[in-house]
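Working notes for the structure below.
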Amino acid sequence: MGARFIAGTVQGSTGLKNCKAKNDTEFSFEYQSAGDEFKSYKVYVPTREDYEVSVEVIDRALSQGYNLIVYDSWIFATHSGKDYAGVQRIPIFSVPAFIKTLKSRQKFERE
């Protein structure tokens with residue numbers, strides 16, 4: 001799918017503004033969950049070469065300033081990657097879960 005496709009798919013969603021794809025692995029937007037202020041997100045979309053959302057992929061995303069990871073159906077998040085993302089407080093979502101969260105106006109971050 002890639003960042004351009006995902007950004008184009010969600011553009012115009014309620015609570016979302018300034019959605020822009022930089023390339024196939026990065027897009028950014030501002031999002032307002034129900035009752036909150038707008039927050040800026042820089043999203044990393046793993047490539048086929050990444051194969052999985054692992055500790056290494058999360059570290060790379062964090063070192064480059066990303067604060068959200070959205071992965072496609074041909075990639076998966078490892079258990080250690082999910083645990084590490086929780087410790088590092090970087091939300092990770094599959095594309096369907098990301099879209100569902102946007103449509104329901106929920107927060108991306110876990111409390």
Side-chain angles (χ1 to χ4, degrees):
M1 239 182 247
R4 288 185 177 112
F5 181 83
I6 297 168
T9 300
V10 300
Q11 199 160 22
S13 296
T14 303
L16 187 77
K17 66 181 185 179
N18 299 324
C19 186
K20 298 173 187 162
K22 181 176 180 182
N23 53 43
D24 280 337
T25 62
E26 178 183 326
F27 69 101
S28 60
F29 61 91
E30 293 176 57
Y31 175 66
Q32 180 183 34
S33 59
D36 284 335
E37 298 294 319
F38 276 95
K39 181 175 180 183
S40 296
Y41 290 92
K42 182 178 173 187
V43 184
Y44 178 66
V45 179
T47 66
R48 291 186 186 275
E49 288 77 31
D50 290 322
Y51 184 72
E52 62 189 13
V53 180
S54 62
V55 170
E56 178 184 324
V57 169
I58 293 166
D59 274 340
R60 186 171 355 119
L62 288 168
S63 72
Q64 295 176 13
Y66 295 101
N67 58 357
L68 184 64
I69 296 173
V70 177
Y71 60 93
D72 202 352
S73 58
W74 43 261
I75 201 166
F76 68 98
T78 64
H79 289 291
S80 60
K82 289 178 185 178
D83 291 343
Y84 188 64
V87 169
Q88 295 298 318
R89 304 195 54 77
I90 182 169
I92 58 173
F93 289 92
S94 65
V95 172
F98 173 69
I99 292 170
K100 180 180 177 183
T101 301
L102 279 176
K103 287 186 178 213
S104 63
R105 307 270 319 271
Q106 296 176 13
K107 291 182 179 185
F108 290 121
E109 296 83 6
R110 296 183 191 127
E111 297 296 325

Given side chains that start at C-beta, do those of [X] and [Y] come closer than 4.5 Å, heavy atoms only?
X   : Y    : answer
Y44 : D50  : yes
L68 : F93  : yes
Y84 : D59  : yes
P91 : E109 : yes
D24 : T47  : no

From CG (D36) to CZ (R105), nearest 0.5 Å: 9.5 Å
Parallel, tilted or perpendicular: rings of F108 and Y31 (30°, 60°): tilted
Between [X] and [Y], which heavy-atom pair has the shortest distance, and what is it?
X   : Y   : result
Y66 : E26 : OH-OE1, 2.8 Å
F38 : G15 : CE2-O, 3.4 Å
K42 : Q64 : NZ-O, 2.8 Å
A77 : I92 : CB-CD1, 4.0 Å

Passing candidate, side chain to side chain contact (heavy atoms under 4.5 Å, CB included) with I69, options I90, L62, V43: I90
Side chain to side chain contact (heavy atoms under 4.5 Å, CB included) partner of P46, chosen from V70, T25, I58, I75: I75
Has the side chain of [X] got a donor or acceptor atom that lies under 3.5 Å from a matching backbone atom of [Y]?
X   : Y    : result
K39 : K107 : no
S28 : A21  : no
N18 : S40  : no

Proximity of Y51 and F76 rings by center, below 6.0 Å: yes
Aromatic ring proximity Y71/F98, centre distance under 6.0 Å: no
Full working for side-chain contact (heavy atoms from CB on, under 4.5 Å) between Q32 and L16: CA-CA 7 Å; Q32 180 183 34; L16 187 77; over 6 Å; no
E52 vs V57, side-chain contact (heavy atoms from CB on, under 4.5 Å): CA-CA, chis, key distance, verdict: CA-CA 8 Å; E52 62 189 13; V57 169; 5.7 Å; no
Evaluation steps, side-chain contact (heavy atoms from CB on, under 4.5 Å), between D72 and V45: CA-CA 8 Å; D72 202 352; V45 179; 5.7 Å; no
Distance-only donor-acceptor check, side chains E56 and S54, under 3.5 Å: no
